[in-house]
2 protein chains.
Amino acid sequence: MMMESTFSNSGKTWLRRLAAVVSLSSGAQAAILSSLTQTRHFRAREHIMRDGTRDGSVQVLLRGFAYRHRYRPDGTRQITAFLVPGDICDFGFLSHSAVSQNVIALPASSVGQLDLSQLAGMVEKHPEIMTGILRCAAIEQSTMQELLVSVGGRTALHRVAHMLCEMHYRLSKVDLVDAEGSFGFPLTQSELGDALGLSTVHINRKIQVLRREGLAIWRDKTITLPDPQALRALCSFDPTYLRAGVPAH
Amino acid sequence: MMMESTFSNSGKTWLRRLAAVVSLSSGAQAAILSSLTQTRHFRAREHIMRDGTRDGSVQVLLRGFAYRHRYRPDGTRQITAFLVPGDICDFGFLSHSAVSQNVIALPASSVGQLDLSQLAGMVEKHPEIMTGILRCAAIEQSTMQELLVSVGGRTALHRVAHMLCEMHYRLSKVDLVDAEGSFGFPLTQSELGDALGLSTVHINRKIQVLRREGLAIWRDKTITLPDPQALRALCSFDPTYLRAGVPAH
DNA sequence: GCAGGCCCTTAACCTATGTGAATTCCGAAA
DNA sequence: TTTCGGAATTCACATAGGTTAAGGGCCTGC
């Protein structure tokens with residue numbers, strides 16, 4: 001993990017996220033833009049955050065891709081969330097409690113950092129910022145709930161399709177989906193299985209089905225959805241849960 | 001649903017919960033005790049909160065038992081959380097966003113209510129109260145994660161056992177487990193299945209196993225764990241996740 | 001250029017869990 | 001007391017998905 005103090009303009013990534021969930025005064029926008037004074041860089045598969053650590057700052061994923069997971073006593077694990085640029089790595093700072101999960105960078109990733117004292121100052125001047133952060137937390141929660149809904153009762157095919165739709169949706173919101181409907185998806189099939197509660201082999205089987213149907217192509221860490229609407233229809237994907245009741249504005 | 005304005009002393013239930021996660025000044029304690037000015041009563045199976053509603057107040061379950069759930073497009077549903085006295089019904093108020101799930105009372109239940117403006121006043125005078133609420137939210141999140149861990153990869157027997165251990169633990173913290181290790185558990189086997197991602201029939205099979213092994217007896221809406229330690233050992237139950245990194249104090 | 005290792009893919013086989021349906025149990029309503 | 005309906009239980013059977021194993025592609029280090 002490397003560290004730098006560049007005054008990067010990557011604050012834009014976070015600003016875009018917050019602006020999407022709450023109205024921000026221009027002062028608040030400026031504060032957010034210049035808030036992530038430190039940036040940490042992680043190599044592929046490196047821990048961004050470790051179970052049991054106390055989280056003394058806000059960490060925002062700026063570039064790359066990451067996931068959270070928790071181990072089972074038998075050594076297997078459950079991935080509980082995927083993080084895309086703009087996402088906060090862990091909300092433990094809200095309650096000054098320890099993080100109870102691991103956060104892992106998937107490809108090389110960058111994480112912006114913000115001290116809690118700094119945050120307190122920003123929030124005092126611009127209370128909307130806290131509302132935005134809390135809304136991000138609510139969306140996170142809602143996303144995890146939907147994963148539970150998937151794992152608890154959708155068929156394997158629907159689980160996979162639903163997750164692809166979700167990633168497509170989330171990544172499109174941060175301009176990471178190109179015109180052909182392709183986006184980088186640096187996961188391994190086994191990792192996707194760890195998220196969806198399916199074995200690697202079975203993930204593969206269902207990916208083949210989607211490929212044969214012309215609904216999804218996964219090659220070279222890249223996924224292409226030739227017909228997103230058809231894929232959404234297949235699994236009844238409804239992105240409402242990703243907005244968590246936050247009105248458009 | 002009935003309503004009253006009694007100045008009930010049920011604030012104690014909430015105080016106990018908050019005191020368990022954060023240090024409270026005596027002023028804060030007094031404020032909490034007298035905060036839940038309105039109490040609503042629900043009959044069995046009545047909605048406490050409905051999907052899509054905007055949540056204009058804090059709702060604390062004071063008596064009874066409840067659960068949250070979300071429907072699947074095919075009409076089945078996933079129960080995402082069980083609520084015991086002291087739990088906040090929905091944390092949507094934190095971000096002024098709509099609740100995205102249904103909350104249902106199981107047996108007759110009482111819910112204390114607190115306006116957001118009131119809350120704001122309390123928090124301004126006693127900021128620990130907000131910390132406590134946020135810690136409750138973190139514990140909730142952690143509990144849901146653990147459910148995902150169960151559903152995503154534990155065997156049916158372990159899922160059932162783990163949930164019984166969790167309820168035993170949580171209910172014991174609010175003095176709802178008696179000396180013999182019995183506690184009220186007003187669920188139907190089918191409802192437990194909706195939470196654990198298992199069919200009614202299979203829940204029943206595993207309950208039989210636990211009964212035969214002398215690890216759990218479920219009769220008349222009451223569960224008895226004759227040997228909680230043995231049950232915990234069976235499923236490697238570790239209540240750490242229910243404390244969400246909050247240090248004992 | 002070669003060896004090792006990870007990942008994807010496929011196949012054969014197995015089992016945990018679902019489904020459908022019948023039976024019993026039990027509490028609440030009449 | 002009788003009736004009724006939901007819940008628990010049990011059985012027979014069906015299947016989605018897991019497991020194990022093997023081969024191939026590809027990258028990386030040597």
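Order of the sequence lines fixes the chain letters, A, B, ..., with proteins taken first and strands second; residue numbering starts at 1 for each chain. Note that this is a predicted model, so its numbers are computed, not measured.
Within the 4.5 Å cutoff, side-chain heavy atoms of A/Val160 are placed close to those of A/Leu196. Side-chain contact between A/Met144 and B/Gln141: present, with at least one pair of heavy atoms (C-beta onward) separated by less than 4.5 Å.
Residues meeting the ring-ring contact (aromatic ring centres under 6.0 Å, His included) test with B/Tyr71, sequence neighbours left out: B/His69. Taking A/Gln145 as the reference, B/Gln101 meet the side-chain hydrogen bond (donor to acceptor under 3.5 Å, both in side chains) condition, with sequence neighbours excluded. Residues forming a side-chain contact (heavy atoms from CB on, under 4.5 Å) with B/Pro186 (at least two apart in sequence, or on another chain): B/Phe65, B/Leu106, B/Pro107. When the side-chain hydrogen bond (donor to acceptor under 3.5 Å, both in side chains) test is applied to B/Asp87, the partners found at least two apart in sequence or on another chain are B/Arg17, B/Arg170. When the side-chain contact (heavy atoms from CB on, under 4.5 Å) test is applied to A/Ala230, the partners found at least two apart in sequence or on another chain are A/Leu215, A/Asp227. For B/Asp74, the side-chain hydrogen bond (donor to acceptor under 3.5 Å, both in side chains) partners two or more places apart in sequence, or in a different chain, are B/Thr76. Annotation: side-chain hydrogen bond (donor to acceptor under 3.5 Å, both in side chains) contacts of A/His158 (sequence neighbours excluded): none.
With hydrogens and angles left out, the side-chain atoms of A/Ser142 and B/Arg70 include a donor and acceptor closer than 3.5 Å.
Identified under the side-chain hydrogen bond (donor to acceptor under 3.5 Å, both in side chains) test for residues 213-225 of chain B, with sequence neighbours left out: B/Ser182-B/Thr224.
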(request) Treat primed atoms plus P, OP1 and OP2 as sugar-phosphate and everything else as base, then score nucleotides 16-23 of chain D 5' to 3': B for base contact with protein heavy atoms under 4.0 Å, S for sugar-phosphate contact only, - for none. (result) -BBBB---
(request) Would you sort out whether A/Arg205 and A/His202 count as a side chain to side chain donor-acceptor pair (under 3.5 Å), showing the intermediate values? (result) CA-CA 5 Å; A/Arg205 290 198 265 248; A/His202 208 60; 2.9 Å; yes
(request) Please report the C-alpha distance between B/Glu46 and B/Arg40 in whole Å, then the side-chain angles of each, then the deciding distance to 0.1 Å, and finally whether the salt bridge (Lys or Arg N to Asp or Glu O under 4.0 Å) criterion is met. (result) CA-CA 12 Å; B/Glu46 198 174 357; B/Arg40 297 194 297 157; over 6 Å; no
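At its two ends the helix from C/dG1-D/dC30 to C/dA30-D/dT1 runs along axes set 50° apart, each axis drawn from five pairs and the angle rounded to 10°.
The interatomic distance linking B/Arg211 (CZ) with D/dT10 (C1') rounds to 13 Å, in whole Å.
Contact annotation: B/Asn204 side-chain N/O to D/dT9 OP1/OP2 distance is under 4.0 Å. OP1 or OP2 of D/dG25 has not a single side-chain nitrogen or oxygen of A/Arg219 nearer than 4.0 Å.
For DNA chain C, the contact window with chain B, defined by any atom under 4.0 Å from a protein heavy atom, covers C/dT17 to C/dG20 in 5' to 3' order.
For DNA chain C, the residues of residues 181-188 of chain A within the heavy-atom distance limit of 4.0 Å (strictly under) are A/Thr188, sorted by number.
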